[in-house]
Amino acid sequence: MLQFDKIDAYCPRNELNFGVCHMHRYRTHNCGELSEKDENSRVKISGWVHRKRDHGSLVFVDLRDHYGLTQCVVDTSDSAFSIVESLRNESVVTITGFVKKRSDETVNQNLTTGEVEVSIEEIIIQSEAETLPLQVNSDEDAGEETRLRYRYLDLRRDRPHKNILLRSKIIQSIRNRMIEQGFTEFQTPILTASSPEGARDFLVPARLHPGKYYALPQAPQQFKQLIMMSGFEKYFQIAPCFRDEDSRADRSPGEFYQLDLEMSFVEQADVFNAVEPVIAGVFKEFSDKKIDNKFQKISFAESMLKYGSDKPDLRIPIEISDVTDIFRGSEFSIFAKNIESGAIVRAIPGPKCGSRAIADRMNSWAQSEGAPGLGYIIFANEDAKGPVAKALGQDKSNEIKSKLNLEDGDAAFFSCASEKDASFIAGRARVKIGKEQKLIDETVFKFCWIVDFPMFENDELTGKIEFSHNPFSMPQGGLEALNTKNPLDIKAWQYDLVCNGIELSSGAIRNHLPEVMYRVFEIAGYGPEMVDNKFPAMINAFKFGAPPHGGIAPGIDRIVMLIAEEPNIREVILFPMNGKAEDIMMSAPSSVDDKQLRELHVRAVTSHQKNV
RNA sequence: GGGGGUGUAGCUCAGUUGGUUAGAGCGCUGGCCUGUCACGCCAGAGGCCGCGGGUUCGAGUCCCGUCACUCCCGCCA
């Protein structure tokens, strides 16, 4: 086998070949750039053996690098023949040879370099590949575990490779758009203090402070507000965020990235005006799907009523209605009784769902979701059918029919429960109907702002008043509202950006007044010492001249996932963790030496330990 | 923590009502092939059917348990 360091000594007598001595060690061209105009030139290319076609006395090798694919060819008359023949896929080689124009009938139109091929004169094996655990040259995905364990192989494949490049380009575009708007990029600490609000923290033991811990930031929330208080006006950062919560298809465990931004002297509309062109611009730049420039605004209350969710998929042309009044005091006694004790009824239109089979399926689905069931009326031949219609009577059934704009052949479904539960199950039913009846327009991105979130909510179990989002938002109406209104009626300057049923972003106009901060915590049942102890930086900064400010933080991974049209967020992350927050490629998390633990003043508790 | 789905060759998957020696494609090994481009043809190796237990004359298939992966609920200011 030829070693790469012998190349310098290799200098064929033949005059034509003389140039090889002065060539770059690995390449004169990449695998995506050779064309007719390079005909007859001597070139050197390096890359991976993508695929071989062995005809016995003639072998074709598709050589692949980051830039493309070039067909190389060798036959028995060439000295390199036996080496080429023995190559396994994904071995890395350097090929020196002549560019030859292909005959008309052998041109490959599917390849950018398909007009030419490289006639192999010399091949140097840089790195041999063993039998592969997954096939790089296949469109077929390997299993998730194999892909993650051998992520570097998976990432050589076309689609994963392109997804990661897309991510990089999107981030660059976002960065340019933010800077063009006058935002400044800052970095904030990764080792910081644990903060009581929000998700579970990742903790880092402090070696110099026995018993104390740093936390990784769940978001640079307090820092970005403090940046405003430092007199910088427009901050942004492609910020890593760390939250120790369980994974979902659109939620990578452990860490994710946000386009974190904050602005001073702004109201809600100013934040929207800053963010909309960035988001719309990026989606337009990288996707062929249609989007509206103007993002719809929907109040939280309206969204919960019409869509049963605070992240509605507006591509589904179904709107839920409240029909409590129609069922109140009706002959359909289960609902009527529940309404007397405070339940409500939501109706979900089911276009083309007017069959017993569909209705039964929806009902058992609802039961599997923990609901008692899903009532239904089937409309057919100007008649309302089913047990609900029978008890309710034709008049009230027809009232529902017209209220929901239904036709014969359609159905209406009903969830009856507490407002929260009824909305929730209706919202899930809406999505299920949308998917099953194929009502979702896959060619559009539908954006909306969900606004006017409640400042507080009741804890279902304890009845205690809690922050519904975060304690840093400014309540609408300010201190006066806090002092005069029922806390549960107070709304916050708090908003989410939603696209196609996915929450892209959450933000708020922040409170910047110490008296509001203390009062807000007081309503939630905490004394001023809680504020002083847990948020010393913020509350102190508020006391030395804090500008009114607000911001938002769109999720980068989700933006890329939507644009790449991938159903899973792992597809747009270089080295993602699995569902149990393990990196099976790197073996993280891992055990550490006792010495390391002693230095950190940490001792393992073994009673709950598994698979040690 | 709870619920659903999946687990069969290196990879992707098929496997009928429980019934002989568990199959296919790709990959791998060997042979043939000078114009292929997912090359083609021939032959071969490769299996703890996730693991443990049970039912049965007989289990990849049925039952119980368990583990892994995945989707969902909880959780995610």
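Legend: residues meeting side-chain contact (heavy atoms from CB on, under 4.5 Å) with A:Glu571, ordered by chain and number and at least two apart, are A:Arg147, A:Asn163, A:Glu566, A:Asn568. With sequence neighbours left out, the salt bridge (charged side-chain N to carboxylate O under 4.0 Å, His left out) criterion links A:Glu36 to A:Lys101. Residues forming a ring-ring contact (aromatic ring centres under 6.0 Å, His included) with A:Phe242 (at least two apart in sequence, or on another chain): none. The salt bridge (charged side-chain N to carboxylate O under 4.0 Å, His left out) search around A:Asp38 returns none, not counting sequence neighbours. By the ring-ring contact (aromatic ring centres under 6.0 Å, His included) test, A:Phe472 is found to be paired with A:Phe535, residues two or more places apart in sequence or in another chain being considered. Under the side-chain hydrogen bond (donor to acceptor under 3.5 Å, both in side chains) criterion, A:Arg570 pairs with A:Glu144, not counting sequence neighbours. Taking the side-chain hydrogen bond (donor to acceptor under 3.5 Å, both in side chains) definition, one finds that A:Gln258 meets it with nothing, sequence neighbours left out.
B:U61 is unpaired under the criterion used here, namely a Watson-Crick or G-U wobble arrangement in which both key atom distances are under 3.5 Å. Pairing partner, B:G74: none, since no Watson-Crick or wobble contact has both distances short of 3.5 Å. In this structure, B:G40 and B:C32 make a Watson-Crick or G-U wobble pair, each of the two defining distances being under 3.5 angstrom. Using Watson-Crick or G-U wobble geometry with both donor-acceptor distances under 3.5 Å, B:A14 finds no partner in any strand shown.
Of the possible donor and acceptor atoms, none in the side chain of A:Glu457 sits under 3.5 Å from a partner among the backbone N and O of A:Ser468. Although no hydrogens or angles enter the test, the distance criterion places no donor-acceptor pair under 3.5 Å between the side chain of A:Lys100 and the main chain of A:Val116. A:Asp65 places a side-chain N or O within 3.5 Å of a backbone atom of A:Cys31 that can act as its donor or acceptor partner. A:Ser364 contributes a side-chain N or O that, together with a main-chain N or O of A:Arg361, makes up a donor-acceptor pair within less than 3.5 Å.
At the heavy-atom level, A:Ser103 lies nowhere under 4.0 Å from the strands shown. Using a 4.0 Å heavy-atom criterion, one finds that A:Asp139 contacts no nucleic acid atom at all. Looking at heavy-atom distances under 4.0 Å, A:Gly143 makes contact with sugar-phosphate atoms alone, never a base. Looking at heavy-atom distances under 4.0 Å, A:Arg149 makes no contact with the nucleic acid at all. At a threshold of 4.0 angstrom between heavy atoms, the contacts of A:Gln221 include nucleobase atoms, whether or not backbone atoms are also involved.
Among the candidates A:Val73, A:Asp78, A:Val74, the single residue satisfying the side chain to side chain contact (heavy atoms under 4.5 Å, CB included) test with A:Val59 is A:Val74.
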* May I have the step-by-step check of side-chain hydrogen bond (donor to acceptor under 3.5 Å, both in side chains) for A:Asp201 and A:Gln218, ending in yes or no? => CA-CA 7 Å; A:Asp201 280 325; A:Gln218 296 179 21; 2.6 Å; yes

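Nucleotide B:G4 holds its P atom 19 Å from the CZ atom of A:Arg361, rounded to whole Å. Per the geometry, CE belonging to A:Met577 stands 12 Å off P belonging to B:U70, to the nearest Å. Atoms CG (A:Asp141) and P (B:U70) sit 14 Å apart, rounded to a whole Å. Nucleotide B:C73 holds its P atom 11 Å from the CH2 atom of A:Trp365, rounded to whole Å.
Separation of the A:Phe467 and A:Phe521 ring centroids falls under the 6.0 Å cut-off.
Nearest nucleotide to the side chain of A:Glu144, out of B:C37, B:C73, B:U70: B:U70. Considering only the side chain of A:Asn568, B:U70 comes nearest among B:U34, B:C69, B:U70. Side-chain proximity of A:Arg53 to B:G35, B:C39, B:C73: nearest is B:C39. Nearest nucleotide to the A:Glu117 side chain, out of B:C73, B:U34, B:G35: B:G35.
On the P atoms, B:G52 is 35 Å away from B:C73, given to the nearest whole Å.
Ion pairing of A:Asp62 with A:Arg53 is present here, as a side-chain N (NZ or NE/NH1/NH2) and a carboxylate O approach within less than 4.0 Å. Here A:Asp250 does not pair with A:Arg248 in a salt bridge; the nearest charged N to carboxylate O distance is not below 4.0 Å.
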Quick test: give all pairs of protein nitrogen or oxygen and nucleotides 5-9 of chain B nitrogen or oxygen below 3.5 Å, distance rounded to 0.1 Å.
none

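Taking every heavy atom of residues 58-69 of chain A and every atom of RNA chain B, pairs under 4.0 Å involve A:Leu58, A:Phe60, by number. Within residues 240-257 of chain A, the residues that have a heavy atom under 4.0 Å from RNA chain B are, in order of number, A:Arg243, A:Glu245, A:Asp246, A:Arg248, A:Ala249, A:Arg251. Within residues 491-515 of chain A, no residue has a heavy atom under 4.0 Å from RNA chain B.
Classification of the A:Phe453-A:Phe300 ring pair by plane angle, with boundaries at 30° and 60°, yields tilted.
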* Structure fact -> Its contact letters, B for base, S for sugar-phosphate only and - for none at protein heavy atoms under 4.0 Å, make nucleotides 24-33 of chain B read --BSSS---B

